[in-house]
Amino acid sequence: MTRTRIHTGAPWEARYGYCRAVRAGNQVFVTGTVALNADGSPFAPGDHGAQAARALEIIEGALNEAGAKMSDVVRTRMFVVGMSPEAQDAIGAAHRAVFADFPPATSMIGVAAFVDPAFVVEIEADAVVD
């Protein structure tokens, strides 16, 4: 089976030995994705909704590079620091804005922290390309 690895240049990829996404056959697996600016700095520190939307944009770019699209996503996992009802609603709204017409299976999981305290959301996605 052919595997294609997608790298975005995020500082942690080389440091920790992973890539943004891997396509294996007709499946694409996108790693946990936080909200980064183009320069690698945290995007919208502490803003759950804005970070979820930005992480989904980065995921879309990785999927496109792997020959997939957001409508191919079959599962997402959303990891959240500060799981307040307001945070859940903001993240859910960002997720719904992308996936309303083709909702994947998903989980929203509360966690203690990420690699930088400015990050409050990290999202993974799995896709199946027809």
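Model, not experiment: these values are computed from the prediction.
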Please name the pair of heavy atoms, one in Val28 and one in Ala21, separated by the smallest distance, quoted to 0.1 Å.
CG1-CB, 4.4 Å
Among pairs that include at least one residue of residues 48-61, which meet salt bridge (Lys or Arg N to Asp or Glu O under 4.0 Å), considering only residues two or more places apart or in two chains?
Arg54-Glu57
Tell me the side-chain hydrogen bond (donor to acceptor under 3.5 Å, both in side chains) pairs involving residues 29-42, sequence neighbours left out?
Arg20-Thr33, Asn37-Ser41, Asp39-Ser41
Please verify the inter-ring angle class for Phe102 with Phe99; under 30° counts as parallel, over 60° as perpendicular, anything in between as tilted.
perpendicular
Kindly indicate, with the supporting measurements, whether the criterion side-chain contact (heavy atoms from CB on, under 4.5 Å) is fulfilled by Ile91 and Val80.
CA-CA 9 Å; Ile91 296 163; Val80 182; 3.5 Å; yes
Scan the side chains in residues 43-51 for donor-acceptor partners under 3.5 Å anywhere in the protein, sequence neighbours excluded, and list what turns up.
unit_1, atom_1, unit_2, atom_2, d
Asp47, OD1, Gly49, N, 3.2
Asp47, OD1, Ala50, N, 2.9
His48, NE2, Val81, O, 2.7
His48, NE2, Gly82, O, 3.4
Gln51, OE1, Val120, N, 2.8
Gln51, OE1, Val121, N, 3.4
Gln51, NE2, Phe43, O, 3.2
Gln51, NE2, Ala44, O, 3.1
Gln51, NE2, Ala118, O, 2.8

Give every residue pair that meets the salt bridge (Lys or Arg N to Asp or Glu O under 4.0 Å) criterion with at least one member in residues 89-112, sequence neighbours excluded.
none
CD of Gln88 to CE of Met78: how many Å apart, nearest 0.5 Å?
9.5 Å
Can you name the residues that form a side-chain contact (heavy atoms from CB on, under 4.5 Å) with Ala94, not counting sequence neighbours?
Ala52, Ala53
Remaining members of hydrophobic cluster (4.5 Å side-chain criterion), Val22
none
Do Met70 and Leu56 touch side chain to side chain, with heavy atoms closer than 4.5 Å?
yes
Hey, could you give me the CG/CZ distance between Asp126 and Phe29, rounded to the nearest 0.5 Å?
6.0 Å
Taking all atoms of both residues into account, what is the closest heavy-atom pair of Arg3 and Ala24, and its distance?
CG-CB, 4.1 Å
Restricting to side-chain contact (heavy atoms from CB on, under 4.5 Å), what partner residues turn up for Val34, sequence neighbours left out?
Trp12, Leu36, Phe119, Glu122
Residues Thr8, Glu13; criterion side-chain contact (heavy atoms from CB on, under 4.5 Å); working and verdict
CA-CA 8 Å; Thr8 59; Glu13 288 181 15; 2.6 Å; yes
Any chain of hydrophobic side-chain contacts (each under 4.5 Å) joining Val128 to Val73?
no
Thr2 vs Arg23, test: side chain to side chain donor-acceptor pair (under 3.5 Å). Steps then yes/no.
CA-CA 8 Å; Thr2 302; Arg23 180 168 178 159; over 6 Å; no
Are Val74 and Ile6 connected in a single hydrophobic cluster, I mean Ile/Leu/Val/Met/Phe/Trp/Tyr linked by side-chain heavy atoms less than 4.5 Å apart?
no
Hey, could you give me the CD/CZ distance between Glu65 and Arg5, rounded to the nearest 0.5 Å?
14.0 Å
Quick one: closest heavy-atom pair of Phe114 and Phe79, and the distance?
CZ-O, 3.4 Å
side-chain hydrogen bond (donor to acceptor under 3.5 Å, both in side chains) partners for Glu124, two or more places apart:
Arg77
